[in-house]
Amino acid sequence: MKLVKVTWNDSAETSDSGWVSLDSAKKDRPCKIASVGWLINETNEFITIAGDTDANEIENEKDDLLGRVECIPKGCVIKIEVLRVDLML
């Protein structure tokens, strides 16, 4: 699996569920997010990453369970960068 950094725009509700002026609402912007994880799936519509995977090295004890899985719509993605694991050690 590849380790990737996905930079993407997330929706933002800045009104705290209260009333705001029209001028204030026009100034709102989405949140720019950076998510890092193991690339699980990528299509033209979305990218799925997982923050955690099974690291068990004993073959008969391995499983395919994933943790902190995030599915991000491609329309929100700014860029996807493949990270080099060997540089992080």
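Computed from a predicted structure; not experimentally measured. Values below: every heavy atom of this structure, side chains too, minus hydrogens, waters and symmetry copies.
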Original post:
Which atom pair, heavy atoms only, marks the closest approach of V36 to I49?
Top reply: C-CD1, 4.1 Å

Original post:
Could you give the distance from CD1 (I40) to CD (E42), rounded to the nearest 0.5 Å?
Top reply: 12.0 Å

Original post:
Which residues satisfy the salt bridge (Lys or Arg N to Asp or Glu O under 4.0 Å) test with K5, sequence neighbours excluded?
Top reply: none

Original post:
Any sub-3.5 Å donor-acceptor pair from N41's side-chain atoms to T48's backbone N or O?
Top reply: no

Original post:
Which atoms form the tightest heavy-atom contact between C71 and F46, and what is the distance?
Top reply: SG-CD1, 3.6 Å

**OP:** Could you give me the CA-CA distance, side-chain angles and deciding distance for L65 and D54, then say whether side-chain contact (heavy atoms from CB on, under 4.5 Å) is met?
**Re:** CA-CA 6 Å; L65 296 177; D54 179 15; 5.8 Å; no

Subject >> Results of side chain to side chain donor-acceptor pair (under 3.5 Å) for W8 - residues two or more places apart only >> reply: S35

Original post:
Among the clusters formed by ILVMFWY side chains lying less than 4.5 Å apart, do V4 and I78 turn up in the same one?
Top reply: no

Original post:
Taking the side chain as C-beta and beyond, is there a heavy-atom pair between V82 and L3 under 4.5 Å?
Top reply: no

**OP:** Show your reasoning for whether side-chain contact (heavy atoms from CB on, under 4.5 Å) applies to T7 and V77.
**Re:** CA-CA 6 Å; T7 305; V77 173; over 6 Å; no

**OP:** Nearest 0.5 Å please: distance from the CG atom of L83 over to the NZ atom of K2.
**Re:** 11.5 Å

Original post:
S11 and C31: which non-hydrogen atoms are nearest, and at how many Å?
Top reply: O-SG, 4.4 Å

Subject >> Residues forming a salt bridge (Lys or Arg N to Asp or Glu O under 4.0 Å) with E81, sequence neighbours excluded >> reply: K79

Original post:
Among the clusters formed by ILVMFWY side chains lying less than 4.5 Å apart, do I72 and L39 turn up in the same one?
Top reply: yes

Original post:
Any idea which heavy atoms bring K32 and N9 closest together, and the distance?
Top reply: CA-OD1, 4.0 Å

Subject >> Least distance between heavy atoms, D10 atom then I33 atom >> reply: CB-CG1, 3.7 Å

**OP:** Could you walk me through whether D63 and N56 pass the side-chain contact (heavy atoms from CB on, under 4.5 Å) test, one step at a time?
**Re:** CA-CA 8 Å; D63 59 41; N56 199 329; over 6 Å; no

